[in-house]
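Structure record follows, encoded as structure tokens.
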Amino acid sequence: MEELDGEPAVTVIPGVNSKKNQMCFDWGPGEMLVCETSFSKKEKSEMVPSCPFIYIIRKDVDVYSQILRKLFNESHGIFLGLQRIDEELTGKSRKSHGRQFSSQVRGVTFVVLASLCPHQFIEVGWSLLPAGHLLLHLLDWVRLHVCEVDSLSADVLGSENPSNHDSFWNLVTILVLQGRLDEARQMLSKEADASPASAGICRIMGDLMRTMPILSPGNTQTLTELELKWQHWHEECERYLQDSTFATNPHLESLLKIMLGDEAALLEQKELLSNWYHFLVTRLLYSNPTVKPIDLHYYAQSSLDLFLGGESSPEPLDNILLAAFEFDIHQVIKECSIALSNWWFVAHLTDLLDHCKLLQSHNLYFGSNMREFLLLEYASGLFAHPSLWQLGVDYFDYCPKLGRVSLELHIERIPLNTEQKALKVLRICEQRQMTEQVRSICKILAMKAVRNNRLGSALSWSIRAKDAAFATLVSDRFLRDYCERGCFSDLDLIDNLGPAMMLSDRLTFLGKYREFHRMYGEKRFADAASLLLSLMTSGIAPRSFWMTLLTDALPLLEQKQVIFSAEQTYELMQCLEDLTSRRPVRGESDIQQLQDEDIETTKVEMLRLALARNLARAIIREGSLEGS
Amino acid sequence: SSDQSVKVWDKSESGDWHCTASWKTHSGSVWRVTWAHPEFGQVLASCSFDRTAAVWEEIVGESNDKLRGQSHWVKRTTLVDSRTSVTDVKFAPKHMGLMLATCSADGIVRIYEAPDVMNLSQWSLQHEISCKLSCSCISWNPSSSRAHSPMIAVGSDDSSPNAMAKVQIFEYNENTRKYAKAETLMTVTDPVHDIAFAPNLGRSFHILAIATKDVRIFTLKPVRKELTSSGGPTKFEIHIVAQFDHHNSQVWRVSWNITGTVLASSGDDGCVRLWKANYMDNWKCTGILKGNGSPVNGSSQQGNSNPSLGSNIPSLQNSLNGSSAGRKHS
């Protein structure tokens with residue numbers, strides 16, 4: 001950014017002597033490794049570098065601070081809310097919601113600023129507004145912040161006799177404190193109606209309220225005119241005070257003092273004001289309504305001091321709000337991106353401004369581009385953290401140009417140390433139709449599982465990746481294991497494959513073969529027999545496995561009852577012949593091979609015998625049935 | 001490293017790094033070491049002065065080994081086609097399958113493929129590209145977009161007088177099924193030590209960083225192919241977007257971060273520098289890592305504010321090759 005003027009930051013690596021030796025480095029997903037080498041341009045290279053350490057450099061150390069984590073989570077919520085509002089509302093109402101978020105973001109921001117740079121004031125003026133409008137904006141802000149007024153107002157007005165309500169005068173006072181003089185006047189008129197004795201002074205007060213000069217947005221008078229008028233009005237109020245006009249009604253007198261900007265009177269209303277920045281705004285309203293942004297922070301500081309009155313010390317939020325009463329987009333962005341190594345503040349602020357369409361209006365023609373740029377930076381930083389990366393995902397979602405592809409790159413690099421995390425990541429990818437990433441991640445996990453001989457895990461990952469080739473591979477391994485050990489591992493998985501079985505032929509075979517074993521175990525011999533036969537005849541079974549299948553048929557052939565029909569037996573025989581006729585010609589063989597072949601031959605003999613016997617029995621049985 | 005060995009560090013659950021393997025790999029200095037994509041398992045390739053390149057795979061060891069925190073690496077294949085020192089080895093982007101390229105001082109780039117990814121001992125030499133200059137470094141274009149054919153950039157540190165342009169770009173041609181030269185960067189005339197394509201974030205053009213007597217960044221915009229020359233390699237518009245001589249000396253290594261937004265370079269000045277473009281695409285230096293020779297305080301696990309050695313770093317298996325920053329000086 002052009003804001004980053006000046007020299008780049010130098011990070012010192014202890015123990016390494018750059019004057020002598022070169023450094024080498026490599027990138028990680030979120031950080032960098034560096035170490036010293038033994039290569040020197042000046043001297044003869046030594047055998048070993050003098051510094052034996054490898055360093056890990058991380059840019060955004062802030063990501064790991066406890067305070068900031070809470071902050072990131074909260075601001076993430078606000079960010080999402082803002083994006084969604086954008087999707088729902090039209091432009092007009094967007095601005096007011098934006099302002100509401102603005103104060104929330106500001107509040108949250110300033111906690112951070114306090115913890116990071118408590119003595120740093122961000123010096124700028126809120127130059128978004130034309131001179132004089134600052135106060136209007138501040139009043140708006142206060143009104144948004146202090147919401148109890150409306151409920152109180154409803155309460156009071158809803159009662160039978162509003163002016164006799166306990167909180168009547170509180171309400172009027174609050175309205176005055178917030179500069180809502182029209183409403184205050186209306187309340188006073190009720191009092192006037194209810195108690196004719198004070199009607200006169202109520203009217204006078206009402207007039208004062210009505211005639212207070214204020215700058216309104218459509219107003220064409222100059223600041224000087226305004227100040228003059230205000231001065232006159234102020235003097236008029238002063239006169240009423242001197243004349244003790246309102247002496248009979250302490251409430252009204254106190255209101256007058258408030259309107260004169262009397263600090264003591266204001267401070268008496270501490271409870272109604274509830275916080276010092278409200279105090280500040282009211283004070284400004286009634287003593288210096290045309291305050292310039294530049295002067296604001298002097299008032300802010302003294303308001304804080306007066307309000308706290310030495311009883312309590314300012315909280316971090318207070319200090320930050322103090323800092324916040326100077327607000328220039330340019331300067332803030334510049335200062336923060338230098339002072340805070342983390343992009344958090346800048347990214348969120350820019351996003352907020354973009355949503356309020358304030359970036360454009362302020363001469364920053366690169367508005368949305370910059371917003372995206374900053375958000376991308378911030379989100380990338382989040383990915384370096386083991387759990388905050390999830391927040392980063394949402395941010396990328398709302399970067400229309402490069403968000404998706406950045407997410408694709410980052411999400412593949414998240415270390416998947418636990419199955420839970422892997423599933424979380426996959427869910428995120430699947431929600432966004434990132435099929436390539438899903439495939440890749442599942443493949444990596446499947447590969448890892450295969451290497452660690454966790455075949456069940458490997459299989460389930462291959463299925464999720466819809467990777468037929470790998471599923472075939474893993475199924476082969478399963479089958480091989482079975483041949484070697486005589487039993488299956490991960491029975492649960494294989495038994496419950498369901499439709500996933502269709503992914504690859506080999507996998508289907510594995511599933512069906514296991515089903516065969518189950519049937520056999522349940523003594524559903526006829527079903528098992530049919531299945532076994534169909535496995536061979538349908539071609540699903542790999543030829544290399546046929547011998548095993550045929551051997552599996554043996555116990556079925558040798559049962560007391562006839563299981564295979566004659567037809568089936570013929571088919572089995574056919575398969576056996578197919579298998580034996582294709583065997584390689586016996587060439588030069590060593591003893592082991594001869595032994596193996598011997599075993600093979602024996603098996604084949606046994607099979608032939610069993611098949612023949614079964615055929616005989618089957619024919620007899622079928623013949624008999626037909627006969628009867 | 002120049003002690004002919006490769007060391008591998010693993011990050012454990014608790015966040016500590018341990019050297020889990022260290023073994024002699026070649027009979028000469030090891031120049032470079034590179035990881036394959038984890039989709040292929042834990043696979044490394046190394047190349048050396050001894051004229052060979054080798055592919056290694058981690059074997060999950062006995063449980064005893066695990067307790068001792070050791071892992072075993074097995075050589076799967078040795079590629080011996082080169083008659084001179086093999087100066088660089090790089091795996092191709094994963095969408096191309098299990099493929100790697102080597103380059104040698106004899107000026108030839110060789111591309112090998114393992115057709116069966118589960119069998120790492122079978123590699124076949126698919127292409128030999130003659131660069132006519134002694135090669136020092138190669139970089140695959142990581143873009144997996146179908147709009148781009150596979151592309152490889154080759155840098156040379158040839159010091160002979162008639163070797164002028166030191167960077168060449170080769171592109172795979174679907175029709176001829178061969179790699180053909182697409183471009184030569186005429187403006188790079190000094191010896192090139194390292195070269196790196198940036199990860200492509202959906203850009204229509206490519207970014208290439210070059211480590212030579214300074215740091216240079218080029219963009220290559222594919223020019224729309226005319227109908228007549230549809231058979232030939234793509235033509236590119238080449239622009240230099242940044243040139244930095246901050247190192248004030250030879251730059252030995254350049255490398256991009258995973259999003260291709262930050263470039264890091266190391267040089268003879270002993271520093272590592274970071275380069276970044278702002279949203280207006282202006283590049284500048286955003287950080288310097290430098291050692292001032294001050295002694296390290298405390299144990300290696302403690303850090304000061306920077307650099308920080310902490311836990312919570314995403315686990316990263318990385319091999320360290322002491323010579324990756326430079327090579328023997330002639």
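Order of the sequence lines sets the chain letters (A, B, ...), proteins ahead of strands, with each chain counted from 1.
Heavy atoms closer than 4.5 Å to chain B are found in the side chain of A:Leu473, but not in its backbone. Contact of B:His95 with chain A is not made at all, since no heavy-atom distance falls under 4.5 Å.
Contact annotation: the side chain of A:Glu412 never approaches that of B:Ile258 to less than 4.5 Å [non-hydrogen atoms, C-beta and beyond]. When side chains are defined from C-beta on, A:Lys448 does not count as touching B:Pro38, because their heavy atoms never get closer than 4.5 Å. Proximity of A:Phe470 to B:Glu39: side-chain heavy atoms (C-beta onward) are nowhere separated by under 4.5 Å.
To the nearest 0.5 Å, atom CD1 of residue B:Ile59 and atom CZ of residue A:Arg451 are 7.5 Å apart. Residue B:Lys94 holds its NZ atom at 7.0 Å from CD1 of A:Ile444, rounded to the nearest 0.5 Å.
Legend: residues meeting side chain to side chain contact (heavy atoms under 4.5 Å, CB included) with B:Thr259, ordered by chain and number and at least two apart, are A:Leu409, A:His410, B:Leu201, B:Asn257, B:Thr261.
The shortest heavy-atom contact between A:Met447 and B:Phe40 is CE-O, 3.3 Å. Across every non-hydrogen atom of B:Asn200 and A:Val405, the tightest pair is O-CG2, 4.4 Å.
For A:Lys421, the NZ atom counts as densely surrounded, since its 6.0 Å shell holds more than 12 non-hydrogen atoms of other residues, nucleotides or ligands.
Contact count against chain B (heavy-atom pairs under 4.5 Å) is highest for A:Arg439 among A:Arg439, A:Glu436, A:Glu408. The greatest number of non-hydrogen atom pairs below 4.5 Å with chain A, out of B:Ala264, B:Gly41, B:Ser265, is found for B:Ala264.
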